[in-house]
Amino acid sequence: LLITFPYYSDIFIRSNNSPQVVIGYETQVERVTFDIEGMTCTGCETSVKHAVQRVDGVLKTEVSYQNRKATIAFDKTQTTRQVIVEAINTTGFKVAE
């Protein structure tokens, strides 16, 4: 079915199991912007965004291949910058040091 109707395949594999994060204090939220090497298209943006969103504690993700940046807001009691960097690096793109 997915091969016959690839345009509609996301309907069948979409998940409503997105994690919900509750934050008690604004001081727990950290916002960080990473320079990312190797992104050339919106597909690259999507790959990075999905990898980061799978990390527990990530609240908001904005990725731009044109600016070669990812801005992420996360609950620092649940994750760290290093965990997010590792998630991005697993996509084949690299966080510039």
Practice problem: Please assess F74 against V55 for the test side chain to side chain contact (heavy atoms under 4.5 Å, CB included), listing each intermediate value before the final yes or no. | Solution: CA-CA 9 Å; F74 63 95; V55 175; over 6 Å; no
Quiz item: Does the pair I72 and I88 meet the rule for a side chain to side chain contact (heavy atoms under 4.5 Å, CB included), with working shown?
Solution: CA-CA 11 Å; I72 297 132; I88 293 170; 4.3 Å; yes
If you round to the nearest 0.5 Å, how far is [atom2] of [Y] from [atom1] of [X]?
| X | Y | atom1 | atom2 | value |
| --- | --- | --- | --- | --- |
| K69 | E62 | NZ | CD | 13.0 Å |
| R54 | T90 | CZ | OG1 | 7.5 Å |
| L59 | Q53 | CG | CD | 11.0 Å |
| N67 | E45 | CG | CD | 9.0 Å |
| T40 | Y65 | OG1 | OH | 8.0 Å |
| T80 | E86 | OG1 | CD | 7.0 Å |

How close do [X] and [Y] get, counting heavy atoms only, and between which atoms?
| X | Y | result |
| --- | --- | --- |
| E37 | A96 | OE2-CB, 3.5 Å |
| R68 | M39 | CA-CE, 3.9 Å |
| T61 | V52 | OG1-CG1, 3.6 Å |

Quiz item: Backbone N or O of G43 within a donor-acceptor pair of the S47 side chain at under 3.5 Å?
Solution: yes
Quiz item: Any donor and acceptor pair, going by atom type alone, linking the side chain of T91 with main-chain N or O of A87 inside 3.5 Å?
Solution: no
Practice problem: Compare all side-chain heavy atoms of V48 with those of F93 and state whether any distance is below 4.5 angstrom. | Solution: yes
Quiz prompt | Audit row: N89, K94, side chain to side chain contact (heavy atoms under 4.5 Å, CB included) steps and yes/no | solution = CA-CA 5 Å; N89 289 344; K94 299 294 177 201; 3.7 Å; yes
Self-check item: Residues K60, R31; criterion side chain to side chain contact (heavy atoms under 4.5 Å, CB included); working and verdict
Solution: CA-CA 9 Å; K60 185 175 182 182; R31 289 170 184 79; over 6 Å; no
